[in-house]
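By convention in this document, chain letters (A, B, ...) are assigned in the order of the sequence lines, proteins followed by strands, and residues within each chain are numbered from 1.
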2 protein chains.
Amino acid sequence: MELRRIRYFLTLARTLNFSQAARELKISQPALSKAIQQLETEFGGRLVRREGRLTHLTRLGERMHASLQEVEDAAQRAERLASRIAKAETACIRIAIMCTIDPGMVGRCLAQFQQDNPALAIELLDFTAATIQEALLNGKVDVAIIGSPVEAVPRLRTYELFQENMVVSCGAQNRLAHRESIPLKMMAEFPYIDRLRCEFREMILSTVDRNDLSLNVVASSEREDWIKSLLAQDHGISIMPASSAISANLKSVTLQDHDLLRSVYLTIPSGREDHPSVQALIKHARTYNWSGAQD
Amino acid sequence: MELRRIRYFLTLARTLNFSQAARELKISQPALSKAIQQLETEFGGRLVRREGRLTHLTRLGERMHASLQEVEDAAQRAERLASRIAKAETACIRIAIMCTIDPGMVGRCLAQFQQDNPALAIELLDFTAATIQEALLNGKVDVAIIGSPVEAVPRLRTYELFQENMVVSCGAQNRLAHRESIPLKMMAEFPYIDRLRCEFREMILSTVDRNDLSLNVVASSEREDWIKSLLAQDHGISIMPASSAISANLKSVTLQDHDLLRSVYLTIPSGREDHPSVQALIKHARTYNWSGAQD
DNA sequence: CAAGAACCCATGGAACTTCGTCGTATTCGG
DNA sequence: CCGAATACGACGAAGTTCCATGGGTTCTTG
């Protein structure tokens, strides 16, 4: 059973005349005859009674007519859907951004990219570290911007974009707020607000550990906005990337004696670089002046 | 867009692996690759991202998937319907019988025919003279048994089956009931019940007219059963085919001086004789011993 | 009424297109 | 370097189309 033959049959069922149907279909009459015969062989019975000018459907033909019309309708819907999508679909890059990355700095980079490529739509999607790898691999997103390289997944290709300092962040009323920098060991004196489930938590904790210190954790949360809210109310202090620490009622203080750095990476499944738009995005992100944008 | 390609795509969408899908479809991998490429050309965009072991659907592919599944489902329903019909459909002859013909005599003929052809189903349909011609021509019925030949329709082929006498019919209490026969002019003395819309009415009226008689019509109806009911209650007398006049509480009386005959014909659109079952029916009906069945 | 025109559909053969397979190249990952 | 996955090119098979033709019916016309 093929759609072409179904269309032939439906036209014939409407005209009840092989020659006229063939003209409408812009094929020759013998071609139509053969196609109908083929359908009849498939269905195991005559669809049409040929009686000179009295051509008409058999009972089998009548009963199949409705069913075949449904097939044709479904096919037409699919075709219309395809052309609608093809028309509407401007090229679109879907970018996963790890939730620990401040969208501001990435946003500036992407804004500039879109100025250079105005036809390209960009879709930003928020992902956690756990789901970002899966989304990359199954095609839900095209590229990802992450705070720590996904380790031991050979299919993913990772480019480092920039590094930024981790800073101590506290509320504007905190007694640290007017200082430029503090030593790491001073951290222990302050109540600490711990951000869970972020890729730099381990880095912070191990650094503290290595210096035989311990943090006085008074609160913890997965959500950056809640952490910031607690900081603003002076519940404690926390350590976070410099770009995240910029917020109303928050002050950043650098660490004197330790260079806590976190890197931001662009990750893409190997093999997907061939898309020209993705290629352009990678090139733009890697040549972008990130340090200039950090202030 | 062709169903074969749609099936290929659906299998590929399930396996997300060209080679495996090709194996399931029992075609080679290059054939599948080409088919999918062709679909992608038709739809104007990639359906599948080929990334080594990470083959997956693009957004276009995902959106088309549901739509194409519907097409495939509709096609499968049509196929199942066809095979169900083909399996269930015992050959069936549809026979239109004009309402003025007593089904008893025709029924005996058909019963014998079915004994000889047990695999053949017969569908009897009741038609009026006006609609029988159309039903024959548009294929609603295969053959018709009628009381008067359809005039001036060259597409119809007519065979005379038998002739039968018209008789006077009256109730059992009527004073004619015990007679064997009456002269035509005696008809005028009795109230007459006129059957409308039947093919022999004109024949009766013209015969009466030619003999300078006139009937005393006291009631008339299109329906044979109502006529018979009126006759049984002795409302009057009527003239009808001998085979119709056989009924409880009715008596038949022949006409002494006139041979009123009506013929019964089998009619078929020319060109439809080629069906073997219809052919057999025609042969059977024409060689059937109708006069022997009249008693 | 018989011959001819017009129409309807089926069949056969030739040209063409499409489809599938095979062998091969390429790319990627282990 | 090998295996897996896909693409490419060539070739044979199958299917599709067209044209020409023929049988059959209906309509027209002399």
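The existence of a salt bridge linking Arg157(A) and Glu51(B) is excluded, since no basic side-chain nitrogen approaches an acidic carboxylate oxygen closer than 4.0 Å. Under the 4.0 Å criterion applied to side-chain N and carboxylate O atoms, Arg49(A) and Asp142(B) are assigned as salt-bridge partners. A salt bridge links Glu199(A) with Arg262(A): the distance from a Lys NZ or Arg NE/NH1/NH2 to an Asp or Glu carboxylate oxygen falls below 4.0 Å. Electrostatic pairing of Arg59(B) and Glu123(A) counts as a salt bridge here, judged by a charged N lying under 4.0 Å from a carboxylate O. Salt bridge status for Lys140(A) with Glu62(B): present, with a side-chain N to carboxylate O gap under 4.0 Å.
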Between Glu40(B) and Arg50(B), is the salt bridge (charged side-chain N to carboxylate O under 4.0 Å, His left out) condition met? List the steps. CA-CA 13 Å; Glu40(B) 288 175 331; Arg50(B) 287 91 162 158; 2.8 Å; yes
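Taking only side-chain atoms of Gln37(B), from C-beta outward, the nucleotide of dC8(D), dC9(C), dA5(D) with the closest atom is dC8(D).
When the side-chain nitrogen and oxygen atoms of Ser33(A) are compared with OP1 and OP2 of dC9(C), none of them lie within a distance under 4.0 Å. Proximity of Asn17(A) to the phosphate of dC9(C): a side-chain N or O atom is located under 4.0 Å from OP1 or OP2. The shortest distance between the side-chain N/O atoms of Thr55(B) and the OP1/OP2 oxygens of dT6(D) is below 4.0 Å.
Among the candidates Asn17(A), Leu57(A), Val48(A), the single residue satisfying the side chain to side chain contact (heavy atoms under 4.5 Å, CB included) test with Leu12(A) is Val48(A).
Protein atom CD of Glu51(A) is 16 Å distant from nucleotide atom C1' of dG23(D), rounded to whole Å. In this entry the distance linking CG of Leu12(B) with C1' of dT6(D) reads 11 Å, nearest Å. Taking atom CG of residue Leu47(A) and atom P of nucleotide dC9(C), one finds them 15 Å apart after rounding to whole Å. Per the geometry, CG belonging to Leu25(A) stands 13 Å off C1' belonging to dT17(D), to the nearest Å. The interatomic distance linking Leu54(B) (CG) with dA4(D) (C1') rounds to 13 Å, in whole Å. Following rounding to the nearest Å, Phe18(A) (CZ) and dT25(D) (P) show an atom-to-atom distance of 17 Å. For the pair Arg50(A) CZ and dC7(C) C1', the computed distance is 17 Å after rounding to whole Å. For Leu39(A) and dA10(C), the CG to P distance is 13 Å, given to the nearest whole Å.
Listed here is the closest heavy atom pair of Ile145(A) and Val106(A): CD1-CG1, 3.6 Å.
The C1' atoms of five pairs define one axis at each end of the helix from dC1(C)-dG30(D) to dG30(C)-dC1(D), and these two axes lie 10° apart (to 10°).
Ring orientation note: the planes of His284(B) and Tyr288(B) are tilted relative to one another, at an angle of 30° to 60°.
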Sugar-phosphate or base contact per nucleotide [nucleotides 13-24 of chain C; S, B, -; heavy atom under 4.0 Å]: B-----SBBBB-
